[in-house]
Amino acid sequence: MTILTRRSLVTVGAGGLLLSGCDKLSYNPKMVSVLESAEGATERWQRLIGRNALAREFSEADMSPVFKANGSRSVDTDDYLAHSESDFVDWRLKVDGLVARPLSLSLAQLRAAPQRTQITRHDCVEGWSAIGKWTGPQLGHILKAAGVLPTARYAMFLCADNYGGEASKGGDQSAGLYYESIDMVDAFHPQTILAHTMNGETLSVPHGAPLRLRVERQLGYKHAKYVMGIRLVDSFKGFGAGKGGYWPDRGYEWFAGI
Ligand SMILES: Nc1nc2c(c(=O)[nH]1)N[C@H]1C(S)=C(S)[C@@H](COP(=O)(O)O)O[C@H]1N2
Ligand SMILES: [Mo]
């Protein structure tokens, strides 16, 4: 584990979240079954080298000239369209659930927090990758401000889009609000950010305006776009089919570590 990682864990500890990544995993009975599955292989591997290890970062020269927009490329609800027409000035990100202080944050507030910029590679399960530059506050910083309660196990990302999906992936029958979730180790990973800026420009609608998750140790579908709310929870119950995400509900792995 690097000094940087240790320092970030110490910082997290000072904010009241005392378990380190490995502690959290070994105390979590649900992980026992997960670690026995194929999905557990990457998780075991990440655990061995450190769930807090950094994803590779690239230089400006490596940035892809074209970064495909995938999945939902827009949102058609009246609420979202009104916000998008007014450049999201009245839009607020809600942070609630198992926190001491629920937050309602404007884009200006999210931009005023300490920012991180990272050039990383996005890997989609459909077989394409692209390198892009992302800027936004670290999720851990925001969660610290909200005060994570000790019972919180996952951060759920509630999105604005009702993803109908392409016929080849389940079609209209499987339409549902897009959502995703990550555990506290990934939530406090230094490269887990809430991006409002992509390649130096305000995040566009196709890429998830006004805010999308970047969780760089995970596959593309974990990177929730159109994030309207973040809810800290102790289980996936009550969200979709209960598997922790739109695609996990449709058979994809919840832990999509890379
Ligand atoms: N809200 C929402 N987030 C989403 C999706 C989506 O359909 N809706 N698609 C996911 C998938 S499969 C990928 S590969 C990435 C695509 O991000 P991009 O459009 O910026 O390339 O977003 C992910 N996040
Ligand atoms: Mo994807």
Side-chain angles (χ1 to χ4, degrees), residues 39 42 55 58 62-77 79-81 83-84 88 91 93-94 117-136 139 155-182 186-187 191-231 239-241 243-258:
E39 168 178 3
T42 312
F58 297 81
D62 300 315
M63 283 164 60
S64 302
V66 176
F67 197 119
K68 180 185 156 101
N70 202 41
S72 292
R73 295 169 183 83
S74 61
V75 184
D76 62 6
T77 64
D79 193 49
Y80 181 87
L81 292 170
H83 280 307
S84 127
F88 300 98
W91 175 88
L93 171 73
K94 297 220 161 36
T117 292
Q118 57 204 28
I119 302 176
T120 51
R121 196 185 65 209
H122 179 98
D123 296 309
C124 174
V125 284
E126 290 168 16
W128 59 273
S129 300
I131 296 175
K133 182 162 80 168
W134 305 95
T135 303
L139 175 61
M156 302 273 337
F157 300 86
L158 308 170
C159 307
D161 57 315
N162 206 336
Y163 189 54
E166 289 126 70
S168 61
K169 296 176 214 146
D172 290 339
Q173 296 90 330
S174 64
L177 278 181
Y178 201 95
Y179 75 106
E180 255 303 339
S181 60
I182 58 177
D186 273 326
Q191 288 169 319
T192 300
I193 67 172
L194 296 171
H196 49 70
T197 295
M198 175 190 187
N199 295 347
E201 280 167 27
T202 302
L203 190 65
S204 66
V205 168
H207 290 289
L211 199 69
R212 66 100 48 87
L213 177 67
R214 294 299 311 171
V215 49
E216 306 294 354
R217 303 286 311 279
Q218 300 262 337
L219 286 172
Y221 61 85
K222 302 295 290 185
H223 299 235
K225 307 195 284 189
Y226 316 108
V227 175
M228 303 290 121
I230 300 173
R231 187 163 303 153
F239 297 90
K243 299 273 170 56
Y246 178 91
W247 286 116
D249 281 345
R250 287 154 181 80
Y252 285 70
E253 293 172 351
W254 173 78
F255 186 83
I258 46 178

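In each ligand, atom 1 is the first atom listed, and ligand 1 is the first ligand listed. Each residue takes its place number in the sequence, starting with 1.
- None of R214, H207, E216 except one satisfies the side chain to side chain donor-acceptor pair (under 3.5 Å) rule with H223; the exception is R214.
- For the ring-ring contact (aromatic ring centres under 6.0 Å, His included) criterion with Y221, the lone passing option out of Y252, W254, F255 is Y252.
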Inset, instruction - Give the C-alpha distance, both sets of side-chain angles, the deciding distance and a yes or no for side-chain hydrogen bond (donor to acceptor under 3.5 Å, both in side chains) between D249 and Y179. - result: CA-CA 10 Å; D249 281 345; Y179 75 106; 2.7 Å; yes
Inset, instruction - Could you go through the side chain to side chain contact (heavy atoms under 4.5 Å, CB included) check for H122 and W128 one step at a time? - result: CA-CA 8 Å; H122 179 98; W128 59 273; 3.7 Å; yes
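- Ligand 1 lies under 4.0 Å from heavy atoms of F67, K68, A69, N70, G71, S72, H122, C124, W128, C159, D161, Y163, Y178, P206, H207, R212, G220, Y221, H223, A224, K225, Y226.
- Heavy atoms only, all atoms of each residue included: Y246 and L177 are closest at CD1-O, 4.1 Å.
- Nearest heavy-atom pair across G132 and F67 is N-CE1, 3.9 Å.
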